[in-house]
Amino acid sequence: MKTNYFYIDETGHINNNEPMFAYGCIKTDTPKLIEKVLEELKVELAEDPLLAKFGEKILKNNFHATGDHFDVRTQFYRILPLLNYRAYFTVLFKNDDYYKNLKKENDDHEIIKSMLLKIIKPRITKNRNDKNIFFIETLEVQNKSLNTIVEEIFNIFNNDFNVEYLIVDKHCQNMPIVDYLCYILNKIFVQKENENNTIAEWVARTFEILKDKIALIHFLNEDSFYSRHSHKNKQIELNNLKLKRQCIKDK
């Protein structure tokens, strides 16, 4: 029986001032190979005379896109297109009436459960003959623990599918793959109030080398799906995604 490994991480949160909250997920059947490559990169960075300070920190704490030095991010993004995975995202924007109504009608834990279910269910049902193991990064959730939320989700599938799951922290070896992909999508979708609608050149370049690894993006607000096989205006291309940009107000 084939075994698939899924790693799930988020960007943003239900309760902060960012205009989006999203879950990302990667699927791979070669987790040990990815782990080996990431470990080799950690050692390489720790032994690099220019980057050793940052590499030693990563050896201890793992990669994390928002905290890693720009030069480290560059090295990480160089290897991402070469690894064996496919990525999926569920995106919720927080600046419109859809979100306002969602918050009125649901507790935070209900929204998070719904989003996780939307990203987990297709991964299970489309790989129904395989064993599917999920690693989900921990998250603080109001009024209900993430462990309880995830347990409720997997109870739906336990009797009919071969599934396992673990709640993990940022030390999970392969989670940075999702973290770094989420980071790029966040840079594409979020702009500050005083910025013009331009995307940083390094973000555009990085997205272009990664876009073929992204299989699907589900935008909850309009219940639309973007993929490589969609109509031209819903393909995963930078110009299409740029139209989704959301504004975050300066503090």
Side-chain angles (χ1 to χ4, degrees), residues 3-13 16 18 20-89 133-140 146 165-192 199-215 238 241 248:
T3 301
N4 303 308
Y5 298 81
F6 299 90
Y7 298 82
I8 297 175
D9 194 6
E10 84 287 339
T11 179
H13 201 284
N16 65 10
E18 284 205 21
M20 68 170 285
F21 176 52
Y23 268 110
C25 172
I26 64 162
K27 172 191 175 185
T28 183
D29 57 5
T30 57
K32 291 297 183 183
L33 178 59
I34 293 178
E35 184 175 333
K36 180 175 182 291
V37 172
L38 295 187
E39 275 299 311
E40 289 173 350
L41 180 58
K42 288 178 183 178
V43 173
E44 179 183 331
L45 292 168
E47 294 176 350
D48 189 305
L50 289 175
L51 301 175
K53 179 176 72 172
F54 310 115
E56 289 169 1
K57 178 182 176 183
I58 290 164
L59 275 174
K60 180 180 179 181
N61 299 322
N62 206 358
F63 293 98
H64 185 45
T66 57
D68 291 344
H69 188 272
F70 187 88
D71 290 337
V72 170
R73 290 203 299 263
T74 298
Q75 297 300 320
F76 196 97
Y77 280 126
R78 279 177 173 164
I79 68 170
L80 271 191
L82 308 177
L83 301 177
N84 173 38
Y85 65 89
R86 280 289 177 266
Y88 310 84
F89 295 90
I133 302 175
F134 290 80
F135 299 85
I136 303 169
E137 183 159 319
T138 188
L139 179 71
E140 289 290 328
L146 182 65
Y165 72 90
L166 290 170
I167 306 293
V168 298
D169 61 21
K170 290 192 179 297
H171 288 88
C172 178
Q173 186 68 12
N174 292 336
M175 195 62 74
I177 304 293
V178 198
D179 177 62
Y180 265 71
L181 291 169
C182 283
Y183 185 77
I184 281 294
L185 283 191
N186 189 289
K187 291 295 182 184
I188 292 172
F189 291 137
V190 175
Q191 68 180 93
K192 291 185 178 180
I199 293 172
E201 191 265 345
W202 75 268
V203 174
R205 281 190 288 108
T206 303
F207 174 78
E208 288 301 320
I209 69 167
L210 295 175
K211 65 182 182 181
D212 289 342
K213 307 298 287 188
I214 302 175
L238 190 59
L241 300 188
I248 180 173

Determine whether Tyr23 and Leu139 make a side-chain contact, defined as any pair of heavy atoms from C-beta on separated by less than 4.5 Å.
yes
Pairwise distance CD(Glu35) to CG(Leu33) - rounded to 0.5 angstrom:
10.5 Å
Step by step, work out the side-chain contact (heavy atoms from CB on, under 4.5 Å) result for Phe89 and Ile214.
CA-CA 8 Å; Phe89 295 90; Ile214 302 175; 4.0 Å; yes
Closest contact, heavy atoms only, Ala46 versus Ala52
O-CB, 3.4 Å
Is the shortest side-chain heavy-atom distance between Asp179 and Lys170 below 4.5 Å?
yes
So, for Glu18 and Val190, which heavy atoms are closest and what is the spacing to 0.1 Å?
OE1-CG2, 4.4 Å
Can any side-chain N or O of Lys57 pair as donor or acceptor with the backbone N or O of Asn62 at less than 3.5 Å?
no
Between His64 (side chain) and Thr66 (backbone), is there a donor-acceptor pair under 3.5 Å?
no
Do the charged groups of Lys42 and Glu39 touch, with an N to O distance under 4.0 Å?
yes
Rounded to the nearest 0.5 Å, what separation is found between the CZ atom of Phe76 and the CD1 atom of Ile58?
9.0 Å
Under 3.5 Å, is there a donor-acceptor pair linking the side chains of Asp68 and Tyr180?
yes
So, Phe6 versus Phe135, ring centres under 6.0 angstrom or not?
no
What verdict does the side-chain contact (heavy atoms from CB on, under 4.5 Å) test give for Leu38 and Ile177, after you've listed the backbone C-alpha separation in whole Å, the side-chain angles of each residue and the deciding distance to 0.1 Å?
CA-CA 9 Å; Leu38 295 187; Ile177 304 293; 4.3 Å; yes
Do Asp48 and Gln75 have side-chain atoms, one donor and one acceptor, less than 3.5 Å apart?
no
If I take atom CD from residue Glu40 and atom CD1 from residue Ile79, how far apart are they, to the nearest 0.5 angstrom?
9.5 Å
Contact check, side chains of Thr206 and Thr74, non-hydrogen atoms, under 4.5 Å
no
Could you tell me whether a side-chain N or O of Arg73 sits under 3.5 Å from a main-chain N or O of Ala65, the two making a donor and an acceptor?
yes
Side chain to side chain donor-acceptor pair (under 3.5 Å) with Asp29: of Thr3, Asn84, Asn4, only one passes, and it is Asn84
Does the pair Ile26 and Arg86 meet the rule for a side-chain contact (heavy atoms from CB on, under 4.5 Å), with working shown?
CA-CA 5 Å; Ile26 64 162; Arg86 280 289 177 266; over 6 Å; no
Over all atoms of both residues, closest heavy-atom pair of Leu238 and Ala204
CD2-CB, 3.6 Å
Please report the closest heavy-atom contact between Arg78 and Pro81, naming both atoms and the distance.
O-CD, 3.5 Å
About how many Å separate CG of Leu82 and NZ of Lys213, when rounded to the nearest 0.5 Å?
8.0 Å
Looking only at non-hydrogen atoms, find the nearest pair between Val178 and Cys25 and report the distance.
CG1-N, 3.9 Å
Distance col, row Leu185:CG vs Phe207:CZ, nearest 0.5 angstrom, shows 7.0 Å
Answer yes or no: are there more than 12 heavy-atom neighbours, outside Lys187 itself, under 6.0 Å from its atom NZ?
no
Using side-chain heavy atoms (C-beta onward) and a distance below 4.5 Å, is Leu45 in contact with Phe54?
no
Answer yes or no: is there an ion pair linking Glu208 with Lys211, defined by an N-O contact shorter than 4.0 Å?
yes
Starting at SG of Cys182, measure out to CE of Met20 and round the result to the nearest 0.5 Å.
7.5 Å
Begin from the C-alpha positions of Tyr77 and Trp202 and carry the test side-chain contact (heavy atoms from CB on, under 4.5 Å) through to its verdict.
CA-CA 11 Å; Tyr77 280 126; Trp202 75 268; 4.2 Å; yes
Would you find a donor on one side and an acceptor on the other, under 3.5 Å apart, between the side chain of His13 and the backbone of Glu140?
yes
Would a distance-only check, ignoring hydrogens and angles, find a side-chain to backbone donor-acceptor pair under 3.5 Å from Tyr85 to Leu80?
yes
Do Asn186 and Thr11 have a side chain donor and acceptor closer than 3.5 Å?
yes
Electrostatic pair Lys60:Glu56 at N-O distance under 4.0 angstrom:
no
Taking the side chain as everything from C-beta on, heavy atoms only, tell me whether Phe63 gets closer than 4.5 Å to Leu41.
yes
Are Thr138 and Val168 close enough that some pair of their side-chain heavy atoms sits under 4.5 Å apart?
no
So, for Tyr7 and Pro31, which heavy atoms are closest and what is the spacing to 0.1 Å?
OH-CB, 3.5 Å
